2 protein chains.
Amino acid sequence: MSPRLHEPDRATAAPCRALRADAERNRARLVEAARAVFAESGLDAPLEDIAERANVGIATLYRRFPTREELIAATYEAQLAVFAQTVEDALHVPDPWAGFSGCIEQLCAMQAENRGFTTLVTIALPDSTEATALRERAKSGLAALVQRAQEAGVLREDFVAEDVALILMANAGVLRATRDGAPHAWRRLVAYLLEVFRVDGGEPEPLPAAPTSMQMHRAMMACRTAQPHCPAG
Amino acid sequence: MSPRLHEPDRATAAPCRALRADAERNRARLVEAARAVFAESGLDAPLEDIAERANVGIATLYRRFPTREELIAATYEAQLAVFAQTVEDALHVPDPWAGFSGCIEQLCAMQAENRGFTTLVTIALPDSTEATALRERAKSGLAALVQRAQEAGVLREDFVAEDVALILMANAGVLRATRDGAPHAWRRLVAYLLEVFRVDGGEPEPLPAAPTSMQMHRAMMACRTAQPHCPAG
DNA sequence: CTACAAGTGGAGCCTACTCTCCAATTAGCC
DNA sequence: GGCTAATTGGAGAGTAGGCTCCACTTGTAG
């Protein structure tokens with residue numbers, strides 16, 4: 001790979017200078033390390049862990065990503081692209097209900113698979129990043145998906161685009177508490193919600209199994225020692 | 001008030017000795033301060049804030065409550081009693097659906113009003129505290145409430161007691177993200193869920209208004225600067 | 001091959017919080 | 001009023017993570 005095939009000013013918007021080849025390499029390793037660490041430990045993982053995992057000094061991390069948010073935005077660019085693509089693909093599913101509900105399920109599954117992504121979708125990112133643009137894309141795709149389903153008469157009329165965010169936030173809450181102890185509990189929440197969103201007609205899907213009370217107990221025990229409250233997470 | 005009207009060994013289970021009057025007073029001030037601080041800042045608020053608010057040295061706090069969890073348990077004893085009472089009162093509401101749904105709404109409202117309580121109900125507490133007993137009381141009350149509603153044919157048969165925890169966790173997720181920016185968003189989630197739990201028959205209640213996209217935007221902005229992921233919350 | 005700008009790493013400072021130790025204080029009993 | 005054990009508060013040690021500074025290294029253009 002020749003060094004200058006990248007769009008300019010990737011990192012710092014101001015000086016707009018191309019990175020030296022080794023610097024670009026380190027940047028990539030940082031993003032890769034951040035992906036792993038954020039996925040496992042959440043968006044508030046220690047930055048030193050990320051630098052260490054990337055085999056790079058902590059200063060290098062700070063030089064490339066002056067704020068945690070910039071690192072988050074860069075790290076989740078690819079995943080947000082998947083997010084946006086998922087939404088757009090759903091528009092091509094012939095059945096409007098299958099498109100809508102499958103999309104919601106996939107988005108929630110993405111949350112379930114990645115601790116950082118769980119909270120990422122419920123918070124704002126700094127403006128003027130690629131991430132913001134991707135979110136806009138996803139947003140308008142979702143609006144179209146909702147509209148299509150409503151026009152087909154399969155999605156309740158009083159459903160609004162903001163409800164999608166509500167779903168993701170609720171799902172984040174369930175995942176925070178049950179990710180370890182009852183890793184499928186979120187599916188049941190999502191199934192309940194999809195059922196209530198659907199205009200009746202189809203026989204409702206059977207619900208995913210409820211977590212057992214033992215699982216819930218363990219989930220709550222585990223969550224006690226984890227970090228308490230909330231998001232930027 | 002004469003000092004010895006309390007049940008024994010309130011604080012440390014081991015030495016089982018009555019507290020001196022001034023110590024008992026300080027203990028009460030600590031619990032009161034903790035109530036305020038936890039409500040506002042969540043269960044991971046700095047303990048020094050609590051000691052300061054109680055006008056008591058930090059050492060006094062640690063002497064009375066060697067672990068944060070013990071302080072949490074003592075602080076939320078009263079609130080857990082309200083929780084349990086709410087459930088039991090609901091059993092006396094004549095209409096089984098009104099009893100069940102009103103109870104869920106009230107529990108979620110309690111979460112909305114108190115940041116610490118939001119996460120408290122989704123985590124485990126140390127055993128052998130009064131708090132544990134209260135939770136057991138609430139739990140069996142809820143089981144009865146669920147059973148009564150199902151026997152009356154107004155609550156879907158596949159609803160299980162663990163689903164109540166799921167609701168509280170989902171509600172916690174919404175509250176974490178929207179408490180400041182869209183303080184009524186949680187009502188919409190709960191309305192959706194109650195609608196899907198109900199066996200059809202009654203005309204569904206109209207949904208609470210959706211948060212505006214501006215509110216959601218602000219909520220996500222605010223949540224960005226708050227602490228990311230999760231609870232022992 | 002050389003010069004120099006770009007890039008690097010980690011020591012080290014700062015802040016925030018948890019938790020302990022102990023000399024000084026005070027409530028309760030006589 | 002005075003004795004004694006219970007209680008107190010705050011200094012300070014320990015820990016974790018954020019962030020910066022600067023002497024050293026390295027890529028690359030000429």
Side-chain angles (χ1 to χ4, degrees), chain A residues 1-4 6 8-12 14-30 33-34 37-38 41-72 225-229 232-233, chain B residues 1-6 8-12 14-30 33-34 37-38 41-72 225-229 232:
Chain A
M1 289 188 185
S2 71
R4 260 325 67 220
H6 279 293
D9 73 52
R10 196 72 174 268
T12 64
C16 184
R17 156 189 293 292
L19 285 181
R20 221 166 70 176
D22 57 338
E24 183 67 43
R25 216 178 309 126
N26 280 339
R27 183 186 185 283
R29 304 172 74 181
L30 277 168
V37 172
F38 285 151
S41 310
L43 297 183
D44 54 356
L47 295 179
E48 306 211 354
D49 288 2
I50 294 172
E52 188 179 2
R53 179 162 192 140
N55 277 309
V56 139
I58 183 68
T60 300
L61 186 156
Y62 276 102
R63 198 172 319 106
R64 212 52 66 210
F65 305 100
T67 69
R68 177 184 292 265
E69 286 184 0
E70 284 172 74
L71 176 58
I72 292 174
T225 47
Q227 71 288 34
H229 28 97
Chain B
M1 289 187 185
S2 71
R4 263 320 71 218
L5 290 174
H6 281 290
D9 73 49
R10 193 74 172 266
T12 64
C16 185
R17 157 190 292 291
L19 287 180
R20 219 167 68 177
D22 55 338
E24 182 67 43
R25 216 177 309 128
N26 280 339
R27 183 185 184 283
R29 303 172 74 182
L30 277 169
V37 172
F38 285 151
S41 310
L43 297 182
D44 54 356
L47 295 179
E48 300 201 337
D49 288 3
I50 294 172
E52 188 179 2
R53 179 159 191 141
N55 277 308
V56 141
I58 184 68
T60 301
L61 186 156
Y62 276 100
R63 197 170 322 106
R64 211 54 66 211
F65 306 101
T67 70
R68 177 184 293 266
E69 285 182 1
E70 284 172 74
L71 177 57
I72 291 173
T225 47
Q227 71 286 36
H229 30 96

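A quick note: this is a predicted structure, and the numbers were derived from the prediction, not measured. Every chain is numbered from 1, with letters handed out A, B, ... down the list of sequences.
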- Distance, rounded to the nearest Å, where B/Leu61 contributes CG and D/dA11 contributes P: 17 Å
- Query: Within this structure, what is the CG-to-P distance between B/Asp49 and C/dC17, rounded to whole angstrom?
  - Reply: 7 Å
- Atom CD1 in A/Ile50, atom CZ in A/Arg29: separation rounded to 0.5 Å? 14.5 Å
- Going by heavy atoms in the side chains, are A/Phe65 and A/Ile72 under 4.5 Å from each other? no
- Item | Nucleotide C/dT8, atom C1' - distance to CG of A/Leu30 in whole Å | 12 Å
- Task: Check every atom of D/dG27, C/dG7, D/dC19 against the side chain of A/Ala21 and return the nucleotide holding the closest atom.
- Result: D/dG27
- Query: Could you state the CG-P distance from A/Asp44 to D/dA16, rounded to the nearest angstrom?
  - Reply: 16 Å
- Message: Is B/Asn26 close enough to D/dT7 that one of its side-chain N or O atoms is under 4.0 Å from OP1 or OP2 there?
- Response: no
- Message: Is there a side-chain contact between A/Arg63 and the phosphate of C/dT8, meaning an N or O under 4.0 Å from OP1 or OP2?
- Response: yes
- Which part of the nucleic acid does A/Leu47 contact within heavy-atom distance under 4.0 Å: base, sugar-phosphate only, or nothing? sugar-phosphate
- Query: Does B/Arg64 make a side-chain N or O approach to OP1 or OP2 of D/dT8 shorter than 4.0 Å?
  - Reply: yes
- Minimum heavy-atom distance between B/Leu47 and B/Tyr62, given as atom pair plus value: CD1-OH, 3.4 Å
- Query: To the side chain of B/Val56, which of C/dT8, D/dG9, D/dT7 is closest?
  - Reply: D/dG9
- Nearest-Å distance for atom pair CD/P, residues B/Glu48 and C/dT20: 14 Å
- When rounded to the nearest 0.5 Å, the distance separating CZ of A/Arg68 from CG of A/Asp44 is 6.5 Å
- Note on the structure: Quick note, A/Ala23 side chain, CB onward, closest among D/dT20, D/dT7, C/dT8 is C/dT8
- Task: Hey, which sits more toward the 5' end of DNA chain D by its nearest nucleotide, A/Ile58 or B/Ile58?
- Result: B/Ile58
- NA contact type, B/Ala59, heavy-atom cut-off 4.0 Å: base, sugar-phosphate, or nothing? base
- Task: For B/Glu24 and D/dT8, give me the distance from atom CD to atom P, rounded to whole Å.
- Result: 11 Å
- Take the protein atom CG of B/Leu19 and the nucleotide atom P of D/dA6, then report the distance between them rounded to whole Å. 12 Å
- Message: Using whole Å, what does the distance between atom P of nucleotide D/dC19 and atom CD of A/Glu69 come to?
- Response: 11 Å
- Using heavy atoms to find the nearest nucleotide of DNA chain C for B/Arg25 and B/Tyr62 separately, return the residue whose nucleotide is more 5′. B/Tyr62
- Taking the side chain of B/Arg20 as heavy atoms from C-beta outward, which of C/dT26, D/dT20, C/dT18 is closest to it? C/dT26
- A/Arg64 side chain vs A/Ala23 backbone, donor-acceptor pair below 3.5 Å: no
